[in-house]
Amino acid sequence: MSSAAFTRPKTQSGWKALPVMAAIALALSSTVSPVQAQGVDGGMIMLPQDNGAALSSPDTMLDVSDRADPARRAMRLDSTPEHPAHIGWVSALRLTDLGYPVQDGFARISGEREWVNFDLYSSADGNEALLQIASVSGINNLPERSYMRVIVNGQELGRRNLTHIEDVGIEKFRIPAGVLHTGRNHVQVELRQQHRIFCGPEASYTLWTDIDLSRSGLVVAADTPGSDMNALIGNDGFMMALAAQVSGGQALEVRGIDTLGSEAEIWRSFLVNRFNQSLAGAPLVINFTDYWTAQTDMRDRARVTIIPAAESQVRFIQAGDGAVVMVLEVAQGTDPERLLAGITAVTAQAQDNRPTLIAPASDVPFAQFGVESEIFSQRYAQRNHAFRLPDDWLVLTGAKARINLDYAFASGLPAGSAVLLKINGTIVRMLPLRGGQSGSVISNFPIDFEARLMHPGTNVLGFELFVPGDPPSLPCAVNETPFLQILDSSTLHVPYSPSMSIPDMDLAFAALSPESLRMNEMSGRAYSQLDILTLGSALARTRAAIRPSTLHLIALDDLGSIPTAHYSANRRLLEDVVLMPSQNTVPDEQSVSENPGDPFQQRRVERRSMSLAFSAGWDAVNERARWVLDRIIPSSGDQLNAWLAEQRGQAILFQLDAERPDEIWMLRAPDSDMRDIAHAVVRARLHGQGPRGQAAVLTHDGHWESWLAPDRRPAMLEPWSHRNFRSAMGNIVSARPVFYSLLILGIATLSALVALRLVISTREHKT
C-alpha cells in the first residue's frame, strides 16, 4: 500500500474511505508490534494500537521522499495520541550540585540545613507560572518543624512542611509574573530538617529528603498560565523539553545521523560535546538511532532529527507525539560549529570552567577562589571548596602552607563543639568552639600545615562542624542563630615551588575529552556503543589550555595490554577488584561450620591451616625483610598487589608507565552501570577528590581510592639555578628519604674509611 493512502483526505470520497482505512490499520495493529517512524519534520508517526479512530494531522507536514532515502517509507496516519496540550508534564529541574548522590532519578539531601541549586528553563518571559517539587522524607523527620523553602531568581516563593514521609508527594509553588525570564533560571531549595527524637551530629546523619528530579520543575499544561504549547517551538522551548527528556537518566535520541555518510562521526562527536556543554549537572546520555525505532514506554519530550539537504538550516517543530524536535538539515561539507553558532539553546554553560587557579607565594583571599562567607546554623555540616594549583607546582618537603582564618562562633555552645579544617580529606586543625572570644570575630588566626598535603591540579579545602545536642536525648530547640561563621576575608598561602613534575594520572584525567577514548578488538566485550557514548558525554566538558590525553578502554581478556613498566601487578588481583563483591567472601572455619554442604571445604580449610602453621615463621621473617628493603629501595610491585587485594569497585584506572604520562587505561566491572561511572567522572573533574597516582579504584559508593607508588621520582622542568636549587633538591630527596639518607651515610662512611686509611698510612711512613 502506498503512503498516499494514509494522507489526510481532501475530498468527500476520501472521507467515505476513512472507515476502511481505520479497519485496515486496526487489523495491522493486532498482528504487528507498535512501531514509530520518523518523518522529515521530525514528527513521530504512530501506528494505532486500540482502534481506528483518527485525528487529523497538520496540513504543514511534508513528504520525506524528496529529502530522505527513498528506500525508507514514511507511513503517516491521520491519527495521533491525545493532544499534548492536554497532557501535563514538567520542564525538569537540573541539579547543578553534583556532590549530592543521585540514584534512580532521586537526589538525596541529608542534614539539618542544606541549600540545593538547580537550573530551570523557561520560554515564557515574565508570565505567571507554576513550579512543583516532588519529594519524600525519612521517618526520622519531624514534619511540624521540617520544611522546604523555594527561591527562584532571588524571589522567595514560599515554604512547605516536609509532610510526605512514606510516599512521594508534590508541593506546588505559584511563580508571580516578572520572576521568570526566558532561558535559564536559578532555583534554590533550602531544606530544614529536624529529628523527631534526638539532637546532635549523630541525629543529623539520619535526616534525609529525596527529590524526584523527573517530576520536579516547571509545570507545562493547557490549564496553566503561560503554558502556550506554541511557545515551546523554538530555542527556549526546546531546552525546556530537553530538560524534561533527560531527567531521571533518560537518553536524548538523535535520529538519522548515519545518512550523513562519511561525515557522521564528525557530527556524532560534535553533538555529544555540544549538548553536554549546554546543560549543567549530570552528563547527558545520547542515543543515536535510525529513522525507524520501536515505540518505548516513555514519551519523548525532545529529540533531534538529522536530514541531508541541499542547504543547511536549523528549525524546531512539534512532532505528532508531542515531542519538540530540533531538525538539522545538513548539506554536504557543513561545519557543525557554524551551523549551530546562532542557536542559543545549545551554547556552552559555566560548568566548563575549572576551579580557580591560585598563585603560590602570596596570600590569596578565600573569596578569590569562590569561598563565600560560610554561616553554619546546624549541628553537623560539611562544606568543600575546590581550588587549583599550577600543573608544575610540587612540594614534597616539610615546607609549610598557612591559612589565616577569620571566623566567629556563638557563645554558650555545648562542650565538644568544634570545627575541623581539612586539605584533600586530611585534617590539618581542629578548632574548639569555646573560650572567652566567643561572640566576636577572631581575625588572622594562623593555621600551619604541611604543603605536601596539596598536589598539582585540583585540591579541596574543607570545613566540618560538630555541635553536640544540649541535651542530645531530646529534639533540638528552635534555633535560627548561627553557630559558626567563616569569613571570605580569610587567606591561604601556598609556598613557592620550582617548576617540577611527578608521575600522577591527575593531570591526564583532567585533560580527557570524548576524542580521548581508544578501543581495541577486545574492548567490545566490556563496552557497548551506548557505554562509549555515555562515557564520552561525561568527558564532553573539555578543558582549555591543557595538553590532550588518552583513555584506553580494555576488557578483562586484554589485561596483558596494560604497560606496567617495572611494576608486577598480579592479574588475579586485578580481576578480583572488579569481579569480587565488596565484602570478602573467602571461607573460614566459622563459615564452614555454618555451611557444611561442601564435603571438601573442611579439608581445604584444614590443609590451609596446617600450611599456614608451618610457614608462619618463615613468612614473618620474609615480611620483615621485605619491609626493610622497601624502605631502602621501594619495591612498588609488592605494595601495589597488597593494595589491590583490599580494593573492590566499579572500575579501575591505571597509569603505571611513567614514560607515557598522557595515557590512562580503564577496566570496568561487568555488572557496573556506565551512568554511575560517568557521574563520578564529572563530579571528580569539577570538585576534586578524583583518581590520582598510578592506580585508582572507583568504589561501589562512588568514591575514588588511589595508590601512589613509593618510588616515584620528581623531574625538573626548568634550568637549575641558585634560586631553585634548595627547593628542587629537597623535593628529590624527600621523594625517597630513606634511600638518600643511607646513600649519604654510605658516602660519609666511605669518606671516613679513606681518611682513616690516609692517616694510618701517613703515620706508618713517618716511623
Side-chain angles (χ1 to χ4, degrees), residues 88-118 120 130-152 156-175 187-219 221 244 247-249 281-282 376-382 465-480 701-702:
W89 56 281
V90 297
S91 175
L93 295 173
R94 290 288 298 172
L95 179 66
T96 57
D97 292 333
L98 297 181
Y100 298 104
V102 178
Q103 185 174 8
D104 298 330
F106 285 81
R108 172 152 296 188
I109 317 300
S110 303
E112 292 181 76
R113 183 179 186 183
E114 293 291 327
W115 288 90
V116 193
N117 295 298
F118 301 90
L120 176 66
L130 188 66
L131 177 70
Q132 72 177 31
I133 306 292
S135 65
V136 58
S137 300
I139 190 63
N140 292 316
N141 280 16
L142 180 62
E144 293 79 7
R145 290 167 60 181
S146 301
Y147 62 86
M148 72 168 67
R149 189 164 66 101
V150 179
I151 299 173
V152 177
E156 182 175 345
L157 303 184
R159 50 184 280 181
R160 303 284 191 277
N161 284 3
L162 300 178
T163 57
H164 307 293
I165 301 299
E166 295 183 355
D167 300 318
V168 177
I170 295 178
E171 299 290 346
K172 297 187 177 182
F173 300 83
R174 184 70 59 179
I175 304 178
V187 177
Q188 284 184 307
V189 177
E190 180 192 13
L191 288 175
R192 295 297 302 264
Q193 305 180 93
Q194 181 162 331
H195 203 284
R196 63 173 69 240
I197 300 175
F198 303 113
C199 178
E202 295 81 2
S204 297
Y205 296 149
T206 62
L207 297 174
W208 57 266
T209 293
D210 287 350
I211 296 180
D212 187 351
L213 300 179
S214 62
R215 289 195 285 169
S216 300
L218 191 65
V219 178
S247 62
F376 301 91
S377 59
Q378 55 267 56
R379 302 280 172 170
Y380 174 80
Q382 186 172 3
L465 173 68
F466 296 89
V467 178
D470 189 19
S473 57
L474 294 176
C476 296
V478 177
N479 176 48
E480 297 293 339
D701 56 0

### Message
I need the minimum non-hydrogen distance between Phe173 and Gly158, along with the two atoms involved.
### Response
CE2-O, 3.7 Å
### Message
Would you compute the distance between atom CH2 of Trp208 and atom CZ of Phe106 and round it to the nearest 0.5 angstrom?
### Response
9.5 Å
### Query
If you take all heavy atoms of Gly281 and Leu98, which pair is closest and at what distance?
C-CD2, 3.6 Å
## Note on the structure
Smallest heavy-atom separation, Leu130 atom then Arg174 atom, equals CD1-CZ, 3.9 Å
### Message
Using side-chain heavy atoms (C-beta onward) and a distance below 4.5 Å, is Ile211 in contact with Leu95?
### Response
no
### Task
Look up atom CD1 in Ile133 and atom NZ in Lys172, then write down how far apart they are to the nearest 0.5 Å.
12.0 Å
### Query
Would Asn140 and Ile197 count as a side-chain contact (heavy atoms from CB on, under 4.5 Å) if you check the C-alpha gap in whole Å, the side-chain angles of each, and the deciding distance to 0.1 Å?
CA-CA 8 Å; Asn140 292 316; Ile197 300 175; 5.8 Å; no
#### Entry: Identified side chain to side chain contact (heavy atoms under 4.5 Å, CB included) counterpart of His195 within the set Asn141, Leu474, Leu207
Leu207
### Query
Between Asp212 and Ile170, does a side-chain contact (heavy atoms from CB on, under 4.5 Å) hold up when you go through it step by step?
CA-CA 10 Å; Asp212 187 351; Ile170 295 178; over 6 Å; no
### Query
Has Glu156 got more than 12 heavy atoms of other residues, nucleotides or ligands less than 6.0 Å from its CD?
yes
### Query
What distance separates Leu93 CG from Gln132 CD, expressed to the nearest 0.5 Å?
9.5 Å
### Task
Indicate the atoms forming the closest heavy-atom contact of Met148 with Val189, along with that distance.
CB-CG1, 4.4 Å
### Query
Roughly how far, to the nearest 0.5 Å, is the OG atom of Ser146 from the CD1 atom of Ile165?
7.5 Å
### Task
Mind checking the CZ-CD spacing from Phe466 to Gln382? Nearest 0.5 Å is all I need.
8.0 Å
### Message
Test side-chain contact (heavy atoms from CB on, under 4.5 Å) on Thr209 and Glu114; report intermediate values, then the result.
### Response
CA-CA 11 Å; Thr209 293; Glu114 293 291 327; over 6 Å; no
### Task
Look only at the side chain of Glu190 and the backbone of Trp115, and say whether a donor-acceptor pair between them is shorter than 3.5 Å.
no
### Message
For Val150 and Glu171: C-alpha separation, side-chain torsions, deciding distance, then whether side-chain contact (heavy atoms from CB on, under 4.5 Å) applies.
### Response
CA-CA 11 Å; Val150 179; Glu171 299 290 346; over 6 Å; no
### Message
So if I apply the side chain to side chain contact (heavy atoms under 4.5 Å, CB included) rule between Arg113 and each of Gln378, Gln194, Gln193, which one comes out positive?
### Response
Gln378
### Query
Closest approach of Pro201 and Arg379, non-hydrogen atoms and distance?
CG-O, 4.0 Å
### Query
Can you list the residues that meet the salt bridge (charged side-chain N to carboxylate O under 4.0 Å, His left out) rule with Arg159, with sequence neighbours excluded?
none
### Message
Ignoring hydrogens, what is the shortest heavy-atom contact between Leu213 and Ser247? Give both atom names and the distance.
### Response
O-CB, 4.0 Å
### Message
Within this structure, what is the SG-CG distance for the pair Cys199 and Asp470, rounded to the nearest 0.5 Å?
### Response
8.0 Å
